[in-house]
Amino acid sequence: MKRTVALVVAAGTGQRFGSDVPKQFLPLGGVPILRRAVEAFVRHPRIDAVRVVIGPGQEDACARALSGLDLAAPVTGGATRQASVRLGLEALVADPPDRVLVHDGGRPLVSAAVIDRVLDALDGDAAAIAALPVTDTLKRGDGDTIAATVDRAGLWAAQTPQGFPFPALLDAHRRFADHPATDDASLFEVAGLPVALVPGDPDNIKVTMPDDLARAERILGPAEVRTGLGYDVHRFGPGDHVMLCGVRVPHDRGVVAHSDGDVGLHALTDAILGAIGAGDIGQHFPPSDPRWRGASSDRFLRHAVDLLGERGGRVVNADVTIVCERPKVGPHRTAMVARMAEILGVTPDRVSVKATTSETMGFTGRGEGLAAQAVATVALR
Ligand code: MG
């Protein structure tokens, strides 16, 4: 099987956009533009790995935008798009793929079908780009006056992804580094190599100007918002710590559980499963299954987030309440929020951890165990 890497180029500074934040980090439907572009390839079954190229100093913004995704460290790009792609390709040399798809980080709405069409062409050993035939009548302007009508026959508007055999694209970028090009196919053309045109998608727009963001929001359409509820309890037992919301909290008791017994993550997992009608945690991870003995509960929550993603959904916010007399939650709250945000792939402002006692009444009040409630709101498109 040939190995295919997607190189997502997002090194722009957003000058044309007129924003302090480079446009690829701005939210589109609540999700950073770059994250949408990257996830399209991460989720694609025929893409083996995704590498992102960013501008110098954009490391923190990139880490926030892509939190929770299992990606190699981003490559730092150069002064032009062309230089950034070349540096991204050079970063792949140590473990070279057979084929590479180059995609603009500013095209967040690329569909799996467009990616498939480029890959199908590559399967037939043709370099290929997604493109659309030009349908508007084209005018060459002289200032704001028409100088001529340009024959549009045979004209296409180039999009990304653009797919190539890796060694050939690397070679073209190295040889023609001084030949200015605004896409990668141009360098193949200079090298005299054929490139196929496969149908792109009118919705696969490049978010370049502020108006494009509004248009992308319209293409994305309204989300269906759903809510799920989760509740979990574990009994205290021997031990020196409890896992709560993904954080190890020292305590004079442990919990009796098949997994690590994290009531916070279990309740939140059930809340997400509930929002998409996908059963409950016990169905997906039966306590009778020895595989989950002592399991770290972050994998349960990740599984729920993956199922949500497969349905085109994402977490809008999550709110967890822990009920116990002890241990004290307050000192660990910030770490819990950060950990859950990381697993959910959202910014920490979308996650809340609260704690309450039950005024020494009931099983939590008597210190027999601890409980958690969670509500998750998700958006499906
Ligand atoms: Mg449980």
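Note that the structure is a prediction, hence the values are computed from the model and not measured. Both counts, for ligands and for their atoms, begin at 1 and track the order of listing. We number each residue from 1, following the sequence as shown.
Distance check for D262 against the Mg ion (ligand 1): none of its N/O/S atoms falls below 2.8 Å.
Sorting the N, O or S atoms of D232 by how far they are from the Mg ion (ligand 1) puts OD2 first. Atom ND1 is the N/O/S atom of H266 found closest to the Mg ion (ligand 1). When distances from the Mg ion (ligand 1) to the N, O or S atoms of H234 are compared, NE2 comes out shortest.
With 3.5 Å as the limit, one finds a donor-acceptor pair spanning the side chains of H44 and D116.
Evaluated for a side chain to side chain donor-acceptor pair (under 3.5 Å) with S297, the options D260, D232, D262 yield exactly one hit, D260. Of the residues listed (D123, D98, D125), the one engaging K2 in a salt bridge (Lys or Arg N to Asp or Glu O under 4.0 Å) is D125, and it is the only one.
When all heavy atoms of V316 and V378 are compared, the closest pair comes out as CG2-C, 3.8 Å.
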